[in-house]
Amino acid sequence: MLLNVFAHELQQQGKLRMEVDDVFRAISGVHKRCRGAYAAVAMITGYGVVAFRDPHGIRPVVYGKRETSTGTDYIMASESVALDVLGFELIGDVAPGEAVYVTLDGKLHKQQCAEQTSLSPCIFEFVYLARPDSIIDNISVYKARLRMGDKLADKIRRIRPDHDIDVVIPIPDTSRTSALQLANKLGVKYREGFIKNRYIGRTFIMPGQQQRKKSVRQKLNAIDLEFRGKNVLLVDDSIVRGTTSSQIIDMAREAGARKVYFASAAPPVRYQNVYGIDMPSSTELIASGRSEEEVGSEIGADWLVFQDMDDLVKAVGKWNKDIRQFDASVFTGEYITGDVSGDYLNALQSSRNDAAKKDRRDKDDEGINLHNTA
């Protein structure tokens, strides 16, 4: 969709030969016509490569360079790790509303293309989506997750001063950094209790509850030695549907844990995402309409602790004072673009729930079968 709008804006200028300013004018047109979250990289055949970001900077995109014997190479990617592995130096993030354009002659041009901008990155990138070795908007994801562990440990000390935790075990992989820091601050042993099968994808976006349940068991295997006879604190980055959490708690008990506590490095996920993450409808989120105590009971934990929203913002925002606000809509229900209505959310929910997705898959399968029969 973005590509078609961008191409139409270029076409509207009616030029046979495109100049650098024409590209920036076209992207300004995209910003005026498109609302929401987007970070795009596009190749314009015969001219160059361009990257641009929505005026709120919700999704990340970075660019970098490397010097070679023939000149300077440039690269654009969603995360800085792509630059690291290819030997590029990070120049920086594409700013909200900005476009960075590299022409075929190797020259880099950049320009602000939006009238009003605000740096409001998605905080869920730092919680779960991004790799820990990435740097997004001058924030080290690794350092942000260390701070999440610090804040969570402080909360456990505050609300459970007489806790009897024997060992802290992360649910791999994204919670490892937070869990390690949490264990250090609590003065409790840290152990790897689950081995991950790297050939199973992210379960919370898998279609269908049965497939998600099956995939959790295929994805993780418990090391009984680390659980047997112990009071275990499991740490995860977040709880979305609760499918993974409840099954992992069952696995810990089956491995011999005496008590199983659970800690989430993020606040309860209560609202659906409209900015590019295929999160389920709000009715399928385990924290929607439930208190934290009810969520703990639902997943089968002896007790459950969530990160406080203020602590999460402090953990991430500490490293970049230019960020006035984050997109934290999955936790707060406040959509920073200011144009998300109840009717839109209801329509989105009806199209994103499991039943609607199953219906679409069944129709697709039926169409394939009819085609094969014909």
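Not measured: the values here are computed from a predicted model. In this chain, residues are counted from 1 in sequence order.
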Leu10/Met18 under side chain to side chain contact (heavy atoms under 4.5 Å, CB included): CA gap, chis, key distance, verdict: CA-CA 8 Å; Leu10 285 171; Met18 190 171 61; 3.3 Å; yes
- request: Measure the acute angle between the ring planes of Tyr38 and His31, then classify it against the limits of 30° and 60° as parallel, tilted or perpendicular.
  value: parallel
Nearest heavy-atom neighbours spanning Val295 and Ala287: CG2-CA, 3.8 Å
- request: Could you note down all residue pairs passing ring pair (Phe, Tyr, Trp, His ring centres under 6.0 Å) where residues 143-181 supplies at least one of them, sequence neighbours left out?
  value: none
field: Nearest-0.5 Å distance, CG of residue Asn273 to CG of residue Leu285
entry: 10.0 Å
message: One thing to verify: whether Asp137 and Arg53 come together as a salt bridge, which I'm taking to mean a side-chain N less than 4.0 angstrom from a carboxylate O.
response: yes
task: Among Lys185, Lys314, Arg147, Arg160, find the one that has a salt bridge (Lys or Arg N to Asp or Glu O under 4.0 Å) with Asp154.
output: Lys185
- prompt: Glu294 side chain to Ser291 main-chain N or O, any donor-acceptor pair under 3.5 Å?
  reply: yes
- request: Starting from the C-alpha separation in whole Å, work towards a yes-or-no answer on side chain to side chain contact (heavy atoms under 4.5 Å, CB included) for Ser264 and Asp236.
  value: CA-CA 5 Å; Ser264 167; Asp236 207 352; 5.8 Å; no
- prompt: Is a side-chain donor or acceptor of Ser282 paired with a backbone partner of Gln272 at a separation under 3.5 angstrom?
  reply: no
Ser281 and Gln349 side chains, donor-acceptor separation under 3.5 Å: no
- request: Tell me, please, which residues at least two apart from Phe52 pass ring-ring contact (aromatic ring centres under 6.0 Å, His included).
  value: Phe6
query: Does Arg258 reach the main-chain N or O of Gly229 with its side chain, forming a donor-acceptor pair under 3.5 Å?
result: yes
query: Under the ring pair (Phe, Tyr, Trp, His ring centres under 6.0 Å) rule, what pairs show up with a residue in residues 297-339, not counting sequence neighbours?
result: Tyr261-Trp303
query: Does Glu284 pair with Arg241 as a salt bridge, N-O distance under 4.0 Å?
result: yes
field: Under 3.5 Å: donor-acceptor pair, side chain of Gln307, backbone of Ala265
entry: yes
message: Under the salt bridge (Lys or Arg N to Asp or Glu O under 4.0 Å) test against Lys155, which residue among Asp308, Asp310, Asp311 passes?
response: Asp308
field: Ion pair check, Glu298 and Arg290, cut-off under 4.0 Å
entry: yes
message: Between Ser246 (side chain only) and Thr243 (backbone N and O only), is there a donor and an acceptor less than 3.5 Å apart?
response: yes
- request: Give the intermediate values and the outcome of side chain to side chain contact (heavy atoms under 4.5 Å, CB included) for residues Asp224 and Phe227.
  value: CA-CA 5 Å; Asp224 293 7; Phe227 293 91; 5.7 Å; no
